Colleague: 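Structure in structure tokens, see below.
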Amino acid sequence: MLGEGILKGLAETARNAVGSFVSKDRLTTVEYPEERLPLPEASRNFPFLVYDGTDWEKGLRCVACQICEKECPPKCIYIDKSKDKKPDAFGRPQIYPAKFDIDISVCMSCQICVEVCPFEAIKMDTQYELSTDDRFGGLLLDRKELAKSNEYYHQIHPTEASEVDAKLAAEKVKADAKAKAAAGAAAAKAAAAAAAPKPAEAAAKPVVLADAPAAKPQGEGD
Amino acid sequence: MVSTLDQIFVLLKHWLVGLLPSVLQPAAGVLLSVVAIVCVFPALFALTVLLERKGLGRMQNRLGPNRVGPFGILQPIADAIKSLTKEDIVPLRADALIHFLAPLVLVVAVFLEFAVVPMGRNMVLVDMDASLLFFFSIGASTELSVFMAGWSSRNKYSLMGAMRAVAQMISYEVPLLMSSVAVVMITGSLSLVKIVEAQNQYTYGLPHWNIFTPWGCAGFVMFAIAATAETNRSPFDLPEGESELVAGYFTEYSGFKFALFFLGEYLGMFSISGLGTALFLGGWSAPFSFLWWVPSWIWFFGKVMLSICVLIWVRGTLPRLRQDQLMNFAWKFVLPMTLLNLVDVALWRFLGEGWLRWVVCSAVMLVAYVAAALTGLRRDHIGPRSYRYAE
Amino acid sequence: MSGSLRDTNLEGWNRPPVIVPDGEGELLEVAMGPHHPSTHGVFRMDLALDGERVVRLKPVFGYLHRNHEQIGETVSYLAMMPYTDRLDYICSLTNNWAYALAVEKLVGQAVPERAEYIRVILAELTRIVNHASAIGFLIQEMGASGTPLMYAFREREKILDLFESLTGSRMMCNYMRFGGCRVDPSAAWLDATRKVVAGLPQFAHEFENLLMSNEIVMARCQGVGKLRPELAINAGVTGPMLRASGVNYDIRKVDHYGVYDRFKFRVPLGDHGDIYDRYMVRVLEIHESIGILEQALKEIPGGPVMDPKAKIRGFRPKPGEAYGRIEGPKGELGFYLISDGGNSPYRFRVRPPSLINLTVLEDMCLGHNVADVVLIFGSVDIVLGEVDR
Amino acid sequence: MKSVEEIKAAIEAAVPGAGVEIVPNPSPSGQHSLRLLPSHAVAVAYFLRDDEDLGLDFLSNLTGVDHLDKEIAEKVKVTRQVTKTVDGVEQTVDEVVEETRKHMEPGYLETVYHLFSMAKKHGPVVLRMRTVNRTDEVELPSVTPVWRSAEFQEREVFDLYGVVFTGHPDLRRLLMWPEFKDHPMRRDYKEPDDFEYEPTPHDTVLARAKDHKAAVAGQEGTGTGL
């Protein structure tokens, strides 16, 4: 019958108009600045660099292996390797990024950098209110702006962060055991040779071991 | 007290005019009414735009404008400021004079229509004998402005929009007129004041509105369809169909001129709702006799706003027709139905008082409607379909 | 219809007919787009009109061209995955899947069962999102001031919330990997999905109430923009548009990729090939997708989501080539990859359903009104990100 | 679904002199392809479309591939006459020497077609065609008269690779604008550096931007001088 479908449609809109006053389901507006949706834990926006401890410069996990720079699809990461080594949060001397810039005006939030990072050094942030009136400099974040503490990481992605911490701890235990074994072997060797081992050598050896995984994937990623 | 409240605007006007010397009194009286109309209806326009945006929002499960002022009630003011301060762009090759005149022609014509619409007891600017005729002749001149706008813009979309608008408005003017003629036949007068007064009677507390008769009901539906088309409202908003013609005939208008077009369109909606109210909904008369004490102008504006709400509701639901379907609908369905309605009115008068005329008149219209609808759909092979599936 | 239709007979029925305008008047040439309200982005149609009747229509592309395929040849295989999100930005997950499938074919990578189920779930959710918004946009173009679109988007929000809580992003999901999926959905996520899916039939019912029997929709859509099945096949039209013309070809059924052969679902077919059929086929496909989702959510097995042998870093396939395709919501989405053993593909090609479905746009539009052109174009359901690449 | 060899035999039976060649594909996908001679391609295409058994009515994907001129170094065994002193006697002896010879293998543009059958629901059959070189002899026959779906895809290949399809009804650029000169998907394509300059720490971008600015400034200088 002519008009029946039109009336049905009118009834539907009327139901929705009335429903919008009663049911939350039919009023989906979120009044943004006053009201915010809770972000799911997996939510991601732009990357940041994780540091351990309190001093961001010292605690950066990044060892400037440049894998993320190579894998980044839009090529928005710029890294300069340091010439020297500095002790990291655990006191092991590491190469560190002398420059680590991310141009978040280019970044497409894909988290490929997070996936390829072998050191759990780069993670995705959930900050989204980043607008700035400085078009050129404002969206180019340097390593100071990128560095966020591990506590912050725990705050935004608790499950993932604890997994990462457990993994790192396991790795550390392994590395320590290896270092200990190496040191023990060295000490035994030294004892056998009855020569006093130089303390610097003993310290340097485990570092080489710890560096090994850094060198390997880098070669692979080329 | 009740009658004072009812006549408050009339008394106010008389008191104000009485302050002036008697030579100036006639002119001042007219001027005062004009000022009232020019102030009240744009204010109503602002309110309606807000209502429309809010209402559409609610129908679409969102809030609508709510940022300017509490609940967004100052939104129209913000819109007005915006349109006033926007750059007025005239296309380089446009006919600048006509481009400038077009919105003015529209707004002036639409304001003139209000002169004859009775907005309450004794509240009509000019109570002329042929006020219905006046209304339609003035209303026809809005086509001119639409075509001026479309032609002078030198834009293909504007031109196509204007062509559509003119074709549509001319086509729907005929059924609009025909459905009004039915009322004239019953009342025997072209004066809107007389038409309203004829409906202001009650039997068992129920009013004698024209819509409560078979011919009046059918006539009102036809009138509503034609009026919607006449004011270019959805689902007949082809002239400005934004998905096809960008903005139709006012594509090249910006700033205040655009606002004037917008204003003209909404005022046209008010005036035609006012006319429909006067013709079919009893104008300013109360719906039940025991509500006689409510001021007449409240009833009038209430009914106008109610019909506006229905228009908004329809706009939020229906997609628009195509040009040829629109014309077919006008000439092949609405016009024959209005003509039949005239026969129906004649029958109504001829059969005299009694239940027989109710049955006969209703049956005539219903049968005609069903037959026309079914044959129309069958002719175009339109209808629900069933679908097959492959495993 | 006035004016005469004549076939130029360039290889028989294979070319659009030429319409000879009647009367003496000049043709009105209108460039519809690139900034026109209903061209879904920056698309242009050069129309020649006789009155309001279309006598010629030439689509003009390239306003969103960014040489996607060349980007694919310069970045690594993995780094291309987020770029595929941006092809058809409404259905990023199916794009992910098509690309992952092509690469998996190239290297012979197996995918764990659980990952296949997750892929099916996400792809069907994407299909619902796409079809609902496509219908919404279609009716919007018909002039319904956005009400159906808003209802579609209301439901889409719920699905996008699911995507966000699983993949981290609402639209640019970047979720599938070669040999599985990136993260394992938790039981809570699956429960949430079950809840959303349980609410979908009601939405579909409401949506149909609003539109399906509406006389204006029927009058506007039925008998407009007809596409003959022979032409549809010959012109490589795929997806709902092909099935609306009555051709039973659904790659989910033909290729049995993923685990689609484990689910019971039917393929709706139209008989007229007009706008209404295209619209209705989409509506019916929403129902079928809901059915698939219910089955997949019931049967989803445990296990890993990523093949442990799959490589993330330093992914270098052996020389060779592969063409992988899936039934995307818009049609056959294919990726053609040639590897020369290097870090990035030697040739990276996207087979865009949106672009190829537009081949027949002129054939469908000739002789109709401008208003119909907008509708026919809307019923093709394209996304410019994929057309122009 | 017939194997590639069977299809090759069928084509050769139907179109004499078609000269079909099987191009093996070492990837696990196992999608081997058939290389056609451009001169017989349209006839073969009609055969593939209309053949009862094959019924490849659906050309899904058509694309181009660019193969650059390659310098091929191959080791060739050469017999040479060498004068040698053997046992104090000077003799002329034939000696086999391995020698690397370098020669330029001319590059070519290749088109790849993926055919499926909607009626029989099988596929893909992959076809390939090559141009003679990359510069002047880049004509290939158009298959648009056979499969309409080639219409835009051939235009795209023409636009991005520069393959000229003879017999295409409307061969224009598809994605780039008509005045554009180069073919951007070719592997030796150099991006123009007339992009909007923005300060970024990416040195190569900066350097190119600077060069471009200098070049533009130089041109403008000469322009005003004239």
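A, B, ... follow the sequence lines: proteins, then strands. Residue 1 opens every chain. Bear in mind the structure is a predicted one, so any value in this text is a computation, not a measurement.
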Colleague: Please flag which part of C117(A) lies under 4.5 Å from any non-hydrogen atom of chain C: side chain, backbone, both or neither.
Modeller: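 The backbone, not the side chain.
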Colleague: Please indicate whether E35(A) has more than 12 foreign heavy atoms, meaning atoms of other residues, nucleotides or ligands, lying under 6.0 Å from its CD.
Modeller: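 Above 12, so yes.
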Colleague: With a 4.5 angstrom heavy-atom cut-off, which part of L166(C) approaches chain A: side chain, backbone, both or neither?
Modeller: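 The answer is the backbone of L166(C).
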Colleague: Say you draw a straight line from CZ of R156(C) to OG1 of T28(A); how long is it, rounded to the nearest 0.5 Å?
Modeller: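 If I round to the nearest 0.5 Å, the distance is 12.0 Å.
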Colleague: Test R44(A) against E164(C) for salt bridge (Lys or Arg N to Asp or Glu O under 4.0 Å), laying out the working first.
Modeller: CA-CA 9 Å; R44(A) 63 179 140 97; E164(C) 192 187 12; over 6 Å; no
Colleague: So, R154(C) versus N16(A): side-chain donor-acceptor pair below 3.5 Å or not?
Modeller: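 Result is yes, a qualifying pair exists.
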Colleague: Spell out, as yes or no, whether a donor-acceptor pair under 3.5 Å connects the side chain of E12(A) to the backbone of F207(C).
Modeller: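 Side chain of E12(A) to backbone of F207(C): no pair is present.
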Colleague: So which residue, T147(C), L78(C), T74(C), ends up with the most heavy-atom pairs under 4.5 Å with chain A?
Modeller: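 The residue among T147(C), L78(C), T74(C) with the greatest pair count is L78(C).
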Colleague: I need the residue from E157(C), M172(C), R86(C) with the largest number of non-hydrogen atom pairs under 4.5 Å to chain A.
Modeller: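 Top option by heavy-atom pairs under 4.5 Å: R86(C).
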Colleague: Under a 4.5 Å heavy-atom cut-off, does chain C meet the side chain of L10(A), its backbone, both or neither?
Modeller: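 Neither; nothing under 4.5 Å.
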Colleague: Are the side chains of Y83(C) and C110(A) in contact, using a 4.5 Å heavy-atom criterion?
Modeller: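 With C-beta onward as the side chain, the pair stays apart.
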Colleague: Chain C: which of K8(A), E115(A), M124(A) shares the most heavy-atom pairs with it under 4.5 Å?
Modeller: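 Answer, by heavy-atom pair count under 4.5 Å with chain C: E115(A).
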Colleague: What option among R170(C), M150(C), R177(C), M81(C) has the most heavy-atom pairs under 4.5 Å with chain A?
Modeller: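 The option with the most such pairs is R177(C).
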Colleague: Is the closest side-chain donor-acceptor distance between S76(C) and E71(A) under 3.5 Å?
Modeller: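 The criterion, which ignores hydrogens and geometry beyond distance, is satisfied for E71(A) and S76(C).
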Colleague: Using a cut-off of under 4.5 Å for heavy-atom pairs, which of N214(C), D85(C), D161(C) has the most such pairs with chain A?
Modeller: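 So the answer, after comparing N214(C), D85(C), D161(C), is N214(C).
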Colleague: Of all of I216(C), V75(C), T167(C), which one pairs up most often with chain A through heavy atoms under 4.5 Å apart?
Modeller: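 Maximum pair count with chain A is reached by T167(C).
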Colleague: Using heavy-atom distances under 4.5 Å, tell me whether F153(C) contacts chain A through its side chain, its backbone, both, or neither.
Modeller: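 Contact with chain A is absent: no heavy atom of F153(C) under 4.5 Å.
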